[in-house]
Amino acid sequence: MEFEKSLEVLEKIASEFPKGSDEYAAMELAAKAMHYVRHEDVGRRFQAFLKDSDAELTAEQKENLRRMGIEAGIDDEPAS
């Protein structure tokens with residue numbers, strides 16, 4: 001999704017909540033975070049993070065999740 005379109009979506013969601021609500025504040029914070037990533041030119045690292053987060057979990061990551069009591073989806077195939 002393009003940067004400007006993402007901001008439009010956040011603005012639309014925020015408009016559904018009263019200013020000052022937790023939901024509105026969360027959307028405002030998300031928009032600020034997007035601006036920070038763009039302004040500080042860390043977008044390339046963020047894109048790499050997104051790509052890595054779609055990768056299959058390592059055995060160590062799966063074991064850490066199991067120790068935390070999280071089982072659902074651990075052995076599922078990664079999204080394409």
(request) Applying salt bridge (charged side-chain N to carboxylate O under 4.0 Å, His left out), name anything that partners E16, two or more places apart in sequence or on another chain. (result) none

Return all side-chain donor-acceptor pairs below 3.5 angstrom for residues 7-14, not counting sequence neighbours, or 'none' if the list is empty.
none

(message) Side-chain heavy atoms nearer than 4.5 Å, only ILVMFWY residues, links allowed to pass through others: does that put M27 and F3 together?
(response) yes

(message) I'd like to check the ring pair (Phe, Tyr, Trp, His ring centres under 6.0 Å) partners of Y24; sequence neighbours left out, ordered by chain and number.
(response) none

(message) Going by salt bridge (Lys or Arg N to Asp or Glu O under 4.0 Å), name the pairs with one or both residues in residues 20-36, residues two or more places apart or in two chains.
(response) none

(message) Looking at every non-hydrogen atom in both residues, tell me the closest pair between E56 and K62 and how far apart they are.
(response) OE2-NZ, 3.6 Å

